[in-house]
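First listed ligand is number 1; within each ligand, the first listed atom is number 1.
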Amino acid sequence: MAYVIETELTSAKKQKPAADRLGFGNYFTDHMFMMDYEGKLGWHRPRIVPYQPISLDPAAKVFHYGQTVFEGLKAYRTADGRVLLFRPQKNFRRLNQSNGRLSIPAIDEEFALQALKQLISIDRDWIPSEEGTSLYIRPFVIATQPSLGASSSTHYQFIIILSPVGPYYAEGIHPVKIHVESEYVRAVKGGIGMAKTAGNYAAGLKAQDDAAQHGFAQVLWLDGVHRKYVEEVGSMNVFFKVDGKVLTPALNGSLLDGVVRDSILQLLRSWNIPAEERLISIDELYEAHRSGTLEEAFGTGTAAVISPIGELNWRGERLVINGGTTGELSAKLYETLTGIQRGELEDQLGWMVEVE
Ligand SMILES: *Cc1c(COP(=O)(O)O)cnc(C)c1O
């Protein structure tokens, strides 16, 4: 379908925050993208408008039944002033996979990417250039039909907002302590764990808050059926290096198909480092730690790229990994991925997409 994006530029540009005050997701650019859905019209009326509050009926279904999905990706400014997106097609592909699971109508992926590029071009001045900074992109869909009927909405909005963000690691990449969660579960196979949707985050907050109270950065989620196989760490995918081999949980329906996860598997293959996607039990990791072969562990996701795990706390026992320091492979993956994203290393796998 051929869409025309109406554009209304702001008459009051906001002041941009200093780079050292950015943090994550606190500031938003001057414009946003919106598009509506309703039965006969399908997805229609794409528009770029000044960033502003949206008005919804209190009965809008998203508030009551959580019919909503989101994405997260980043635009990077290179030293020579170009603007690059990291594998954005994967994000729009996944948005539609999430849409499918939440019974939300699919969006034209190619058009969504084109709309995003147009929005970024307009707010290009907002992309910070300081080391480690980027423009975080949050596409999302909400169910807007004003009705308390517990059925799929007839109306939706697809919105993209942009937020300049500071470096994830202000003091350099460093390992965190993780609590292995044995009481709560995040998702089960057949549920919504494979979708990027609010409900999975809501389900994780209590465990995350309890873990934080005990001094842990995040929880390591075990599967919901056997309470035995590792799935994700916080809202990141998780990897372990055991006896020279890299292991990550296989995509089984209850965990998210991360873009960084996939990119790491591709890099490892290109480096001839053995990598396996399979079931990994917490007992296997415990045994590996006991025998001295649990060499590294790290989480992966767009925000941090790589988050090294320095310690796992399981049933009150502390499993310190690599002396609580960042492993060699974790550091190399971090340097490689961020180097490609900033346009400093050659993009051999054809991942980067330029915004003109
Ligand atoms: C977004 C997300 C990830 C990481 O995905 P990336 O595409 O690598 O950023 C992992 N797990 C969950 C639950 C997520 O929501």
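Counting protein heavy atoms only, atom 6 (P) of ligand 1 is closest to Val259 N, 3.5 Å. For atom 9 (O) of ligand 1, the closest heavy atom belonging to the protein is Thr302 OG1, 2.6 Å. The protein heavy atom nearest to atom 8 (O) of ligand 1 is Val260 N, 3.0 Å.
Remark: distances from the non-hydrogen atoms of Lys90 to ligand 1 are all 4.0 Å or more. Residue contacts with ligand 1 include Arg94, since one or more of its heavy atoms lies under 4.0 Å from the ligand. No heavy atom of Asn200 sits closer than 4.0 Å to any atom of ligand 1. Remark: distances from the non-hydrogen atoms of Gly72 to ligand 1 are all 4.0 Å or more.
In terms of heavy atoms, Asn237 sits closest to Leu255 at ND2-CD1, 4.0 Å.
For Asp347 and Arg87, the salt-bridge test fails: no basic side-chain N is under 4.0 Å from an acidic carboxylate O. A salt bridge is defined here as a Lys NZ or Arg NE, NH1 or NH2 lying under 4.0 Å from an Asp or Glu carboxylate O, and Glu71 with Arg94 meets this definition. Ion pairing of Arg45 with Glu38 is absent here, as no side-chain N (NZ or NE/NH1/NH2) approaches a carboxylate O to less than 4.0 Å.
In this structure, Phe24 has its ring center closer than 6.0 angstrom to the ring center of Tyr136. In this structure, the ring of Tyr334 has its center no less than 6.0 angstrom from the ring center of Tyr168.
Between Tyr201 and ligand 1, a contact under 3.5 Å exists for at least one N or O pair. Where the criterion is an N or O separation shorter than 3.5 Å, residue side chain and backbone included, Gly258 fails it with respect to ligand 1. Between Leu256 and ligand 1, not a single N/O pair is under 3.5 Å apart. Considering both main-chain and side-chain atoms, Lys196 comes within under 3.5 Å of ligand 1 through a nitrogen or oxygen pair.
Heavy atoms of Glu232 found under 4.0 angstrom from ligand 1 belong exclusively to the side chain. The part of Arg186 lying near ligand 1 is the side chain, judged by heavy-atom distances below 4.0 Å. Looking at Asn237 against ligand 1, both its backbone and its side chain come within 4.0 Å, counting heavy atoms.
Other residues, nucleotides and ligands contribute only 12 or fewer heavy atoms inside 6.0 Å of the NZ atom of Lys177.
The salt bridge (Lys or Arg N to Asp or Glu O under 4.0 Å) pairs that include a residue from residues 181-190 are Arg186-Glu232, where partners are two or more places apart or lie in different chains.
From Asp125, atom CG reaches atom NZ of Lys16 across 5.0 Å, with rounding to the nearest 0.5 Å. Taking NE2 of His155 as the start and CG of Leu41 as the end, the distance is 8.5 Å to the nearest 0.5 Å.
Taking all heavy atoms of Gly301, Ser235, Ala303 into account, the minimum distance to atom 3 (C) of ligand 1 is reached by Ser235.
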